[in-house]
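This report concerns only the one structure given below.
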Amino acid sequence: MSADLALSCPVPLGRHTTVQLAHGGGGRLMRQLLEDIFLESFRAPALAERHDSAVVPLGGQRLAFTTDSYVVMPRFFPGGNIGTLAVHGTVNDLAMAGAKPLYLSAGFILEEGLALDELRRVVASMREAARECGVDIVTGDTKVVDRGKADGLFINTSGVGRVPEGVFVHPRRVTPGDAVLVSGDVGRHGIAVLSVREGLAFDTPVVSDCASLAPLVEALFEAGVEVHCLRDATRGGLATALNEIALDAGVGLVVDEPAVPVDACVAGACELLGLDPLYVACEGRMVAFVPEPQVERALEVLVRHPLGAGAARIGRVTEGPAGMVSLRTRLGGQRLLDLLSGEQLPRIC
């Protein structure tokens, strides 16, 4: 199959005149939205880098700065809630730039009628998550809107961290021949949220992987592992994270499907629901791109940590076709692992 033919296979998306759910799903429509409206209007060099955090110079240091909003429904799910998700998600975006997270802000949009006891539980979870991550929530904002206008509670968090001297983690550093590692099994968070939302019961409950990735990143650097790029597999899951890197780095990726760790319960749930676990969101998993000679050491460091116990090598970087992710299937075939054209699971973060 030629590269041109492969890239033309997905159904043409066209242009929409209104916002669709898929614009927030991490796939092609979201990328289109970012390029056509936001990147076209906000032309700061740091924003054009398309990294999980902007890295900016300040007083002889490099600071990482990021922001994210959380609208997950339901707000409480196995393994976490909207508050822990808000802290861990922003801390993880800082860590993906190689930064040590330092400070967070927290903005709350509250709907009239939200139970104050529920708000106290969420805030207490944020306090505990921040303590565990070693960050301080130092500023914030609160707004209240009319009943029916905010679905209970939305949270925005922003974060600032310091990038250590000599650390440069960026898609531009991804090089043909690099190995692709994942820190653990994928798809847990999306299935955990969906199980509560849809009232699904599994023989073994699926628990979200919601957690801070900063300790894993710090361990890699302390061990002297040369890390070229990091990306957490959130909206759109592992497949979307890989596509983003391939597009932004201008390289190809080959992924071995049997090597990708997927929990049996998650795999079963996805099969039952007609979902592909490679596109189901994680909130405590990252993809790491490291040079071939660093693979053994990187995996050794990752598996020593509880969050990285299921780490595995899942693929490699190729010279091209640029922006294409190819999946070697369990049956021995090969298919394109493309960006989603629609929204598989809305409101999971």
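Reckoned from all heavy atoms, side chains included, excluding hydrogens, waters and symmetry mates. Keep in mind it's a predicted model, so treat the numbers as computed, not measured.
- Taken to the nearest 0.5 Å, the CD1 atom of Ile37 stands 9.5 Å off from the CG atom of Leu34.
- Of all non-hydrogen atoms in Pro101 and Val91, the two that sit nearest each other are CG-CG1, 3.7 Å.
- Using modelled atom types, one side-chain atom of Arg197 and one backbone atom of Met73 make a donor-acceptor pair closer than 3.5 Å.
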Tell me, with the steps shown, if Ile348 and Leu194 meet side chain to side chain contact (heavy atoms under 4.5 Å, CB included).
CA-CA 8 Å; Ile348 46 77; Leu194 189 65; over 6 Å; no
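- The distance from the CG atom of Leu33 to the NE2 atom of His23 is 5.0 Å, given to the nearest 0.5 Å.
- Interatomic distance, Leu273 CG to Glu198 CD, rounded to the nearest 0.5 Å: 8.5 Å.
- Annotation: side chain of Tyr70 is in contact with side chain of Thr90 (closest heavy-atom distance under 4.5 Å).
- Between Val169 and Met96, the closest side-chain pair of non-hydrogen atoms is not below 4.5 Å.
- No continuous path of ILVMFWY side-chain contacts below 4.5 Å connects Val260 to Met286, so the two sit in separate hydrophobic clusters.
- In this structure, the separation between SG on Cys282 and NE2 on His189 is 9.0 Å, given to the nearest 0.5 Å.
- Taking 4.5 Å as the limit, some side-chain heavy atom of Phe289 sits within range of a side-chain heavy atom of Leu253.
- In summary, Arg285 and Asp263 do not engage in a salt bridge, as defined by a charged side-chain N under 4.0 Å from a carboxylate O.
- The heavy-atom pair separating Cys349 from Leu85 by the smallest distance is CA-CD2, 3.6 Å.
- Separating the OG atom in Ser41 from the CG atom in Asp36 is a distance of 10.0 Å, to the nearest 0.5 Å.
- Under the 4.0 Å criterion applied to side-chain N and carboxylate O atoms, Glu226 and Arg173 are assigned as salt-bridge partners.
- Val280 and Cys270 get closest at one heavy-atom pair: CG2-SG, 4.1 Å.
- Contact between Gly161 and Ala99 at its shortest, heavy atoms only, is C-CB, 4.1 Å.
- Closest approach of Val287 and Ala241 over heavy atoms only: CG2-CB, 4.5 Å.
- Looking at Arg347, its side chain does come within 3.5 Å of a backbone N or O of Val71 through a donor-acceptor pair.
- At most 12 heavy atoms of other shown residues, nucleotides or ligands fall within 6.0 angstrom of atom CG in Asp203.
- Surrounding CZ of Phe76 are more than 12 heavy atoms belonging to other residues, nucleotides or ligands, all under 6.0 Å away.
- Among Asn243, Thr240, Asp338, the one residue that satisfies the side chain to side chain donor-acceptor pair (under 3.5 Å) test with Arg28 is Asp338.
- Under the 4.5 Å side-chain criterion, counting only non-hydrogen atoms from C-beta, Met126 is not in contact with Leu104.
- Linking ILVMFWY residues whenever their side-chain heavy atoms come closer than 4.5 Å, directly or via other members, leaves Leu216 and Val135 in distinct clusters.
- At most 12 heavy atoms of other shown residues, nucleotides or ligands fall within 6.0 angstrom of atom CD in Glu296.
- Using a 4.5 Å heavy-atom threshold, the side chains of Leu153 and Glu118 count as separate.
- Following chains of ILVMFWY side-chain contacts shorter than 4.5 Å, one can reach Val255 starting from Leu275, so the two form part of one hydrophobic cluster.
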Taking it one step at a time, do Arg147 and Glu111 satisfy side chain to side chain contact (heavy atoms under 4.5 Å, CB included)?
CA-CA 6 Å; Arg147 189 183 298 267; Glu111 181 187 353; 3.9 Å; yes
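- Side chain of Asn92 to backbone of Leu213: a donor-acceptor contact under 3.5 angstrom is found.
- When atom types are taken as modelled, the side chain of Thr66 and the backbone of Gly159 share no donor-acceptor pair closer than 3.5 angstrom.
- Using a 4.5 Å heavy-atom cutoff, the side chains of Pro291 and Thr175 are not in contact.
- Evaluation of the ring-ring contact (aromatic ring centres under 6.0 Å, His included) test over residues 124-183, restricted to residues two or more places apart or in two chains, returns His51-His170, Phe168-His170.
- Ile109 and Leu119 are not part of a single hydrophobic cluster, where members link through side-chain heavy atoms under 4.5 Å apart.
- Linking Ile, Leu, Val, Met, Phe, Trp and Tyr residues whenever their side-chain heavy atoms come within less than 4.5 Å leaves Met30 and Val19 in two separate clusters.
- Under a 3.5 Å cut-off, the side chain of Ser195 and the backbone N or O of Pro205 do not form any donor-acceptor pair.
- The structure places CG of Leu340 at 10.5 Å from CG of Leu278, a figure rounded to the nearest 0.5 Å.
- In this structure, the side chains of Asp93 and Asp232 come closer than 4.5 Å at one or more pairs of heavy atoms.
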N/O donor-acceptor pairs under 3.5 Å from side chains in residues 305-322, not counting sequence neighbours:
unit_1: His305; atom_1: ND1; unit_2: Leu307; atom_2: N; d: 3.0
unit_1: Arg313; atom_1: NH1; unit_2: Glu292; atom_2: OE1; d: 3.0
unit_1: Arg313; atom_1: NH1; unit_2: Glu292; atom_2: OE2; d: 2.9
unit_1: Arg313; atom_1: NH2; unit_2: Glu292; atom_2: OE1; d: 2.9
unit_1: Thr318; atom_1: OG1; unit_2: Gly252; atom_2: O; d: 3.3
unit_1: Thr318; atom_1: OG1; unit_2: Gly320; atom_2: O; d: 3.1

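- The environment of CZ in Arg127 is sparse: at most 12 heavy-atom neighbours from other residues, nucleotides or ligands sit within 6.0 Å.
- Here the closest non-hydrogen pair linking Gly152 and Arg75 is CA-NH1, 3.6 Å.
- Counting only distance, with no hydrogens or angles, the side chain of Glu222 and the backbone of Leu220 share no donor-acceptor pair below 3.5 Å.
- Residues Glu300 and Arg297 are paired through a salt bridge, judged by an N-O separation under 4.0 Å between the basic side chain and the carboxylate.
- Remark: the backbone N or O of Thr84 is paired with a side-chain donor or acceptor of Asn81 at under 3.5 angstrom.
- Side-chain contact between Leu114 and Phe108 is absent, with no heavy atoms from C-beta onward closer than 4.5 Å.
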